[in-house]
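Since the structure comes first, as structure tokens, the remarks are kept for the end.
Chain A is the first sequence line, chain B the second, and so forth, proteins listed ahead of strands; every chain is numbered from 1.
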Amino acid sequence: MSARDFASLPNNHFINTIINNDLKEGKCGDKVHTRFPPEPNGRLHIGHAKAICIDFGTAQEYNGLCNLRFDDTNPSKEEQQFIDAIQEDVHWLGFDWQDRLYYASDYFEKLYDFAVQLIKDGKAYVCDLSQDEMRAYRGTPTVPGTLSPYASRSVDENLELFAQMREGHFEDGSRVLRARIDMASSNFNMRDPVMYRIQRSYHQRTGDKWCIYPMYDYAHPISDALEGITHSICTLEFENHRPLYEWFINNVDVPCKSRQIEFARLNITYTVMSKRKLRRLVEEGYVNDWDDPRMPTLSGMRRRGYPAAAIRDFCDKIGVAKANSTVEFSLLEHCVRDILNTNANRAMAVIDPLKVVIDNYQGSELLPAENNPELPERGKREISFSKEIFIERSDFMEEPVKGFHRLTPGGEVRLKFAYIIKCESIVEDENGNIIELHCSYDPTTKSGSDNSGKKVKGTIHWVDAVTAIPATLRLYDYLFAKENPDDVEEDKDFIDYLNPHSLTTVDHALLESSLADSDQGVPYQFMRQGYFIADYDSTPQHLIFNRIASLKDSWGKQK
RNA sequence: UGGGGUGUAGCCAAGCGGUAAGGCAACGGUCUCUGAAAUCGUCAUUCAAUGGUUCGAAUCCAUUCACCCCAGCCA
């Protein structure tokens with residue numbers, strides 16, 4: 001890389017600074033190679049999206065490569081369904097690993113050989129201590145650990161025992177292979193960490209071939225090294241593991257020395273991000289599945305209708321740093337609305353219908369309606385208009401409050417794409433509920449050819465009673481009612497903070513007829529309401545739309 | 001009371017010895033046949049605190065405080 005190239009290197013955050021220095025000093029050759037290493041024990045969430053954007057994004061910025069590698073070293077927790085779902089999610093987010101799909105389990109044989117070499121070098125030993133004993137021997141933050149009585153076994157004995165471990169001579173959990181490092185280290189990870197445990201679980205890729213499995217701390221640095229990873233980017237909780245990461249690649253004969261860099265994981269208000277908690281929400285039925293639109297999973301957000309581009313933009317906007325932080329949900333919503341505002345076609349839908357009869361109107365007509373004011377090339381569609389229409393109940397007030405500029409008794413309002421109407425009378429049922437409005441329209445105020453000179457304060461949406469189609473709407477809100485559900489008070493559980501109103505189902509909404517054959521996966525803006533998308537459950541016979549996000553509402557806020 | 005990290009606005013976050021970017025939120029104005037969008041403006045005399053070095057400190061030094069992570073045969 002030439003000096004001129006260095007000047008154009010990305011420099012958005014501390015990770016770039018580190019990489020730029022490595023490049024200048026030739027520490028990693030002249031290329032950058034990263035990896036995204038999920039464990040297939042759950043679905044990816046937006047916290048992973050941040051990691052994916054950093055891992056794949058960094059490779060893109062430096063014209064390097066990023067591998068997808070499954071960290072599948074603990075078969076008791078992992079499943080093929082997650083391997084499949086994770087790949088789908090990464091692709092959906094917009095990243096591609098080409099032919100570089102790897103598994104830590106691809107390296108089990110090599111990992112075993114390296115372990116044998118460490119034993120031969122006197123740097124690893126088989127330990128028979130029970131878990132409780134090992135914990136006791138490990139010491140405390142202020143008290144150094146004590147050496148295992150098995151640490152003094154001969155190389156030959158260790159070799160023999162380790163081979164027997166692999167061959168299945170011992171019971172699960174009865175012995176482990178440990179690295180011989182430093183029982184007095186102030187870093188617990190260095191107090192002779194476990195490299196292998198005996199565990200008879202069926203592995204989704206290697207089947208019953210192995211009954212010993214390597215630990216993350218051992219498998220990860222070597223997997224990185226074998227793949228030629230130059231920068232191994234992970235989250236903050238692994239910072240304490242870095243000395244161990246380096247110990248393994250320095251004590252094993254691998255072709256490449258990767259550098260581990262840690263950043264702060266993402267938190268977002270009103271949701272939880274731990275896989276354990278998300279799993280509980282699914283397994284105990286608080287949500288419908290991993291892809292419930294209220295979940296912060298990528299599959300949930302996809303179903304909700306969040307564009308992948310919005311999530312990428314969000315990950316870009318939140319930055320990368322080492323300080324623990326919680327980003328406000330409103331920033332994510334902003335990114336979603338921003339993409340949708342320019343991309344989503346407009347349509348009209350009434351959530352809570354109130355019938356309006358326009359007494360002086362006869363017949364029916366088709367009115368042109370712009371599909372997307374942001375993109376005129378999207379053209380126009382025709383919407384039907386007739387004597388009876390439905391408007392939003394909240395767009396009428398019998399006794400208007402100050403500042404309300406929609407329909408009122410004797411008042412006028414414009415019907416979007418149509419005419420200005422005036423409310424002449426109200427029909428109530430025996431309980432005093434308004435069930436119908438009678439209005440008159442002014443034929444000189446037709447949209448596009450209005451020469452009446454009239455100015456009205458409000459324009460409202462509506463649907464034609466004759467052609468409107470019924471639909472179910474699913475309105476989503478925060479999954480949790482508490483800003484930080486992880487902050488649990490005594491005798492409480494994060495489950496206690498679930499928002500009881502996170503899903504509101506509207507059964508009798510009315511949509512303009514053009515929505516009858518809307519394509520799946522295509523978002524719309526229901527004017528003045530929000531962004532919606534057909535749910536997976538939607539059928540032509542029964543339309544079901546998810547609300548992706550509401551529109552900002554400065555009037556609602558003012559009230 | 002050991003070790004590893006981090007503290008810049010309500011929330012993120014630049015800043016790397018030369019006098020506090022940007023985004024979100026909030027608040028006001030303009031515009032509007034979406035109370036949306038767009039657009040204009042306001043929003044840190046101060047960077048966890050206290051000392052020190054310096055002509056000059058968020059940036060360097062010292063001390064203190066707060067928060068996060070670590071004693072899985074999880075990752």
Taking only residues two or more places apart in sequence or in another chain, which ones pass side-chain contact (heavy atoms from CB on, under 4.5 Å) with A:T445? A:R414, A:Y419, A:I420, A:D442, A:D450, A:S452, A:K454

What residues, two or more places apart in sequence or in another chain, satisfy salt bridge (Lys or Arg N to Asp or Glu O under 4.0 Å) together with A:D182? none

At under 4.0 Å between heavy atoms, what does A:P144 touch on the DNA or RNA strands: base, sugar-phosphate, or nothing? nothing

Got a sec, which residues hit salt bridge (Lys or Arg N to Asp or Glu O under 4.0 Å) with A:D313, two or more places apart in sequence or on another chain? A:K317

Which of parallel (below 30°), tilted (30 to 60°) and perpendicular (above 60°) describes A:Y245 and A:H220? tilted

So does A:Q525 reach the base of B:U34 with its side chain, donor to acceptor, closer than 3.5 Å? yes

Ring pair (Phe, Tyr, Trp, His ring centres under 6.0 Å) filter on A:F390, not counting sequence neighbours, yields none

When we call it a touch if two heavy atoms are under 4.0 Å apart, what does A:T73 touch: a base, just sugar-phosphate, or nothing? sugar-phosphate

Closest to the A:T142 side chain: B:U34, B:C73, B:G2? B:G2

Quick one: sort the A:F526 and A:Y524 rings into parallel, tilted or perpendicular, breaks at 30° and 60°. tilted

Is the distance between the ring centroids of A:Y137 and A:Y150 under 6.0 Å? no

Suppose we call two aromatic rings close when their centres sit under 6.0 Å apart. Are A:F108 and A:H203 close by that rule? yes

Please determine, for the side chain of A:R406, which listed nucleotide (B:C74, B:G35, B:U1) has the closest atom? B:G35

How is A:F314 classified with respect to the nucleic acid when contacts are heavy atoms under 4.0 Å: base, sugar-phosphate, or nothing? nothing

Suppose you measure atom C1' in B:U8 against the same atom in B:A20; what distance do you get, rounded to whole Å? 8 Å

Pairing residues for A:T235 by the side chain to side chain donor-acceptor pair (under 3.5 Å) criterion, not counting sequence neighbours: A:E237

Could you write out RNA chain B as a dot-bracket string, with dots for unpaired bases, | for bases paired across to another strand, and Watson-Crick or G-U pairs counted at under 3.5 Å? .(((((((.[[[..)..(...]]].(((((.......))))).....[[[[[..)....]]]]])))))).....

Restricting to salt bridge (Lys or Arg N to Asp or Glu O under 4.0 Å), what partner residues turn up for A:E25, sequence neighbours left out? A:K27

A correct 5'-to-3' footprint of nucleotides 21-28 of chain B, with B, S and - meaning base, sugar-phosphate only and no protein heavy atom under 4.0 Å, is --SSSSS-

Work out how far the P atom of B:U46 is from that of B:U50, and round it to whole angstrom. 11 Å

Using a 4.0 Å cut-off on heavy atoms, which residues in residues 441-456 of chain A reach RNA chain B? List them by number, or say none. A:K446, A:S447, A:G448

Nearest to the side chain of A:I318, heavy atoms from C-beta on, is which of B:C12, B:A37, B:C73? B:C12

Pick base, sugar-phosphate or nothing for A:L129, based on heavy-atom distances below 4.0 Å to the nucleic acid. base

What N/O pairs connect the protein and nucleotides 65-71 of chain B at under 3.5 Å? Give each pair on its own line.
{"residue": "B:C68", "atom": "O2'", "partner": "A:N324", "partner atom": "ND2", "Å": "3.2"}
{"residue": "B:C69", "atom": "O2", "partner": "A:N240", "partner atom": "ND2", "Å": "3.2"}
{"residue": "B:C70", "atom": "O4'", "partner": "A:N240", "partner atom": "ND2", "Å": "3.2"}
{"residue": "B:A71", "atom": "O2'", "partner": "A:R138", "partner atom": "NE", "Å": "3.1"}

What's A:S185 touching, base or sugar-phosphate or nothing? Going by heavy atoms closer than 4.0 Å. nothing

Quick one: label A:E239 by what it contacts on the DNA or RNA (base, sugar-phosphate, nothing), any heavy atom closer than 4.0 Å. sugar-phosphate

In short, ring pair (Phe, Tyr, Trp, His ring centres under 6.0 Å) pairs touching residues 169-191 of chain A with sequence neighbours left out are none

Measure from the side-chain heavy atoms of A:E39 and tell me the nearest of B:C73, B:A36, B:A75. B:A75

Go through the structure and list residues passing salt bridge (Lys or Arg N to Asp or Glu O under 4.0 Å) with A:D217, not counting sequence neighbours. none

Lys/Arg N to Asp/Glu carboxylate O, A:E227 vs A:R35, below 4.0 Å: no

Counting neighbours of NZ on A:K380 that are heavy atoms of other residues, nucleotides or ligands and sit closer than 6.0 Å, is the number greater than 12? no

